[in-house]
Amino acid sequence: MTKSPMRTVNTALRATGSLTLRAVDYLRVSTEEQAKGYGISYTAKRTARHIERKGWAHVGTYVDEGYSGSLEVDDRPDLKRLMQDARKTPRPFDMVVVNEGRGIGRTGRAFWKWVWELEDLGVYVAVVKKDYDNSTPSGRSQMRKDADYAEDERENIRDRTQGGIQEKAEDGLYPGGTIPFGWTVNDAGEYVLRERETETLRIGRKVFVEKRSWQTVALTLNSEKRYTRAGKPWTRKNIRGRLMGDAVLNNRIVWRGDGAARDQDGNPIFGQTVVIDLPPVFTQEEIEELKAADAARPRTVKSRERVYLLRGLMTSPCGRYYEGHQHRPTEAVYRCKGRQESYAGAGDQCSCLYLEATSVERQVWGDVVCVLSDAERMKALCQNWIDATAGDRVDQTKRIADLDRQIAEVEDLIEVTEATAARRALRRGFSRAEAEEAAERASKPHTDELEGLEKVRREAEALQREAADATRRLQGLERLAETARKNLAELADVEKAELLNLMGLEAKVVRCAPRRLGVACGIREWFVKAGKSVPVLTDEGWELIRPLMGGSRSKIDRRTMVEAMLEKAISGARFQDLAPRCKVNWTTLQTQSHRWLSDGTWASAMERLKNVQTRPVWSPDPIEIEVTIRPLAIESKLGDGARSGSRTARRRRTRCARRSPAGPRRARRPGRARRSP
């Protein structure tokens, strides 16, 4: 196999008594097994007695209580911890003891992936029931049989369950799952109308047809204490989903529809799609009236022109995500989703403040550029990623070759056994057909062994493909870093947003100061968007721009106006506060600034002043942000104050990743940095 000679020697020495084997036990029972009386304490006693009987040293216990055997390593917290400990140097244990084979896993993927990695690390798995371990060929053979049995048992249970569900659905009966609002199920399993809920739907339809507002519908129902089935008040989205859903509009349920698990050909895995008819709540005329009212209701057209780099990547102090929002024609901000009511009339919006989009994006992007532009730092991040995903890149080449050898040996054994059995049967006077049956019976154990080996080989091939994919992802990460270092300045906003998503960037707003009320300053916004500092206007500078500023029938000096606008961009003061000092009416200053900005005069003037002394643009009170790059499994402290800081790893329990194959698993929580943009 693939373990090193030194690991083999160490294990052999312990097995012969020169050293004592160190053993840990892994205890796992699912929720269903607990209900049948199989508890952790029961399995713990059996594994402890087995370790004592073998004369091994019991050095630890790992427990996953209530976790299914179909889950993989990353989705069982203590099994994940066990694997992390097994990879340590020096290795802390030699044997992992489980009560029975299904404790390892109920699918080939959940079973073999971690067993094989342990083998490669020089650690073996012992099973109390049937008393075997995978350090010998016979033990590995028995382990394959246990793996097949556990998976077959799971498949049989699922097939029986799913078959019964399919029959119920085809008969128009309740097959399980959520019952649509407005219906219930009687003792015979038939869908029938639920009076209280259908009355709520009828009232909601009537109000919407009259008012054309889902918010009004929700407020009306809440005021009459007609709540959801869970007893919660309605939101406008919730009541619209009920009234405009497939159950109400088409009087049906599509069982195993679009959301059903499907195979590679697009067919449902557990049974065919079934349409179950429901008793109608509304007449066809009422449904058409409802559809027409929904189509005619006023809709807000959202602008999609601006790309918000951090939309969906930045969380607010209340824990919700920020979304992009055009607060005013001249001001793009990030708005917390918690500012929406939890239900109509609740009045429980969060108090998270709007964040100026441009300045926040510039700071976060600047930190990302700093990381990507540092070759040594990127090398360290890649190495950290390599260490965190080591289990996904185990090379199965030697194991596949060894399985091919075993398969060939078993195939030869089957041929010899069948030939011998057939000749013996013919000598005894059996017919040809009877001789063939005798040969099949004689070779049946070897045929079963062959099927098990071929199944295990398919698992190894699948893991080998995953290893190749992980290697390609690592190479892609390195290419990404190289490309980014060369072309960061040329990336468009759409490309920046895509890069941040690929890197798995997360930003968390820890603290932010209140925004100043009033209309956003167009002059300051111009400097922020242009990425320029504010020039200091001297006599020479004024002479450079004076021809651009034009004449005026107003008695107000144009230089005074320019100086007031520059002062506003530096101090953040309002026009109302500057006007008395400049002896200018504030509305005049505001109107003139709008004119110069809109016709390009201001941009031309600032271009002529690009080589003069400058001062920084006024920034609002600082906000504190934690920035994390997660899928790289790194500790990256972003920001000026932390660019030479240390990196410390933090562990994080993760849930099963139900996402596309390209999506990375959440392996650990990276470090964070606090930055005030």
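Note on Lys398 versus Asp402: no salt bridge recorded, every NZ/NE/NH1/NH2 to OD/OE distance being 4.0 Å or above. We find that Lys88 and Asp85 are joined by a salt bridge, their nearest charged nitrogen and carboxylate oxygen being less than 4.0 Å apart.
Smallest separation of non-hydrogen atoms from Pro92 and Val59: O-CG2, 4.1 Å. Nearest heavy atoms, Ala57 versus Thr20: N-CG2, 3.9 Å. Residues Ala23 and Trp56 come closest through the heavy atom pair CB-CE3, 3.9 Å. Of all the heavy atoms in Phe430 and Ala435, the pair that sits closest is CB-N, 4.4 Å. For the pair Arg81 and Thr61, the tightest heavy-atom approach, listed with the atom from each and the gap, is NH2-O, 3.9 Å. Listed here is the closest heavy atom pair of Ala438 and Ala421: O-CB, 4.0 Å.
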Discussion item. Test salt bridge (charged side-chain N to carboxylate O under 4.0 Å, His left out) on Lys54 and Asp131; report intermediate values, then the result.
Written reply: CA-CA 10 Å; Lys54 292 289 185 180; Asp131 190 13; 3.2 Å; yes
_Quick one, Met143 with Tyr132, criterion side chain to side chain contact (heavy atoms under 4.5 Å, CB included). Give me CA distance, side-chain angles, the key distance, then yes/no._
CA-CA 8 Å; Met143 185 168 286; Tyr132 69 84; 3.7 Å; yes
- Where do Ser141 and Glu449 land on the side chain to side chain donor-acceptor pair (under 3.5 Å) test, with the steps shown first? CA-CA 8 Å; Ser141 177; Glu449 177 76 4; 3.1 Å; yes
Original post:
Can you list the steps and then say if Val364 with Leu505 is a side chain to side chain contact (heavy atoms under 4.5 Å, CB included)?
Top reply: CA-CA 10 Å; Val364 173; Leu505 182 136; 4.1 Å; yes
Check your understanding: Does the pair Val96 and Asp25 meet the rule for a side chain to side chain contact (heavy atoms under 4.5 Å, CB included), with working shown?
Key -> CA-CA 5 Å; Val96 177; Asp25 46 357; over 6 Å; no
Apply side chain to side chain contact (heavy atoms under 4.5 Å, CB included) to Thr417 and His446, showing your working. CA-CA 9 Å; Thr417 303; His446 305 310; 3.6 Å; yes
Working note: Asn134 + Arg140, criterion side chain to side chain donor-acceptor pair (under 3.5 Å); need CA distance, chi angles, decisive distance, verdict. CA-CA 5 Å; Asn134 62 333; Arg140 285 194 289 273; over 6 Å; no
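The main-chain N or O of Arg22 is found under 3.5 Å from a side-chain atom of Asp94 such that the two form a donor-acceptor pair. A donor-acceptor contact shorter than 3.5 Å links the side chain of Asp78 to the backbone of Val63. In this structure a side-chain-to-backbone donor-acceptor pair under 3.5 Å is present from Asp64 to Leu79. Judged purely by atom type and a 3.5 angstrom limit, Thr315 has no side-chain atom pairing as donor or acceptor with the backbone of Gly319. Of the possible polar contacts, one joining the Arg91 side chain to the Phe93 backbone as a donor-acceptor pair under 3.5 Å is found. Counting only distance, with no hydrogens or angles, the side chain of Arg457 and the backbone of Gly452 share no donor-acceptor pair below 3.5 Å. The closest donor-acceptor contact from the side chain of Thr136 to the backbone of Gly139 lies under 3.5 Å.
The side-chain heavy atoms of Val627 and Glu506, taken from C-beta on, include no pair separated by under 4.5 Å. In this structure the side chain of Arg399 reaches within 4.5 angstrom of the side chain of Trp116, judged on heavy atoms. A 4.5 Å side-chain heavy-atom check between Arg46 and Arg49 finds at least one atom pair inside the cut-off. Proximity of Tyr322 to Val509: side-chain heavy atoms (C-beta onward) are separated by under 4.5 Å at one or more points. Looking at heavy atoms from C-beta onward, Pro175 lies out of side-chain contact with Val274 at the 4.5 angstrom threshold. You'll find the side chain of Ile625 stays beyond 4.5 Å of the side chain of Val510, heavy atoms only. Considering only heavy atoms from C-beta on, Tyr26 stays 4.5 Å or farther from Val97 through its side chain. Looking at heavy atoms from C-beta onward, Leu27 lies out of side-chain contact with Asn99 at the 4.5 angstrom threshold.
Here the CD-OG distance, from Glu65 to Ser41, works out to 8.5 Å after rounding to the nearest 0.5 Å. Interatomic distance, CD1 of Ile400 versus CD of Glu459, reported as 11.5 Å (0.5 Å rounding). To the nearest 0.5 Å, atom CZ of residue Arg458 and atom CG of residue Leu453 are 11.0 Å apart. Annotation: the span from Tyr124 atom OH to Leu21 atom CG amounts to 10.5 Å, rounded to 0.5 Å. In this structure, CG on Leu118 lies 6.5 Å from CG on Leu82, to the nearest 0.5 angstrom. Rounding to the nearest 0.5 Å gives a distance of 6.0 Å between CE of Met95 and OG of Ser135.
When the shell of 6.0 Å around CD of Glu454 is examined, it contains more than 12 heavy atoms from other residues, nucleotides or ligands. Heavy atoms from other residues, nucleotides or ligands lying under 6.0 Å from CZ of Arg405 number more than 12.
Of the candidates Lys130, Arg28, Lys129, Lys129 is the only one forming a salt bridge (charged side-chain N to carboxylate O under 4.0 Å, His left out) with Glu100.
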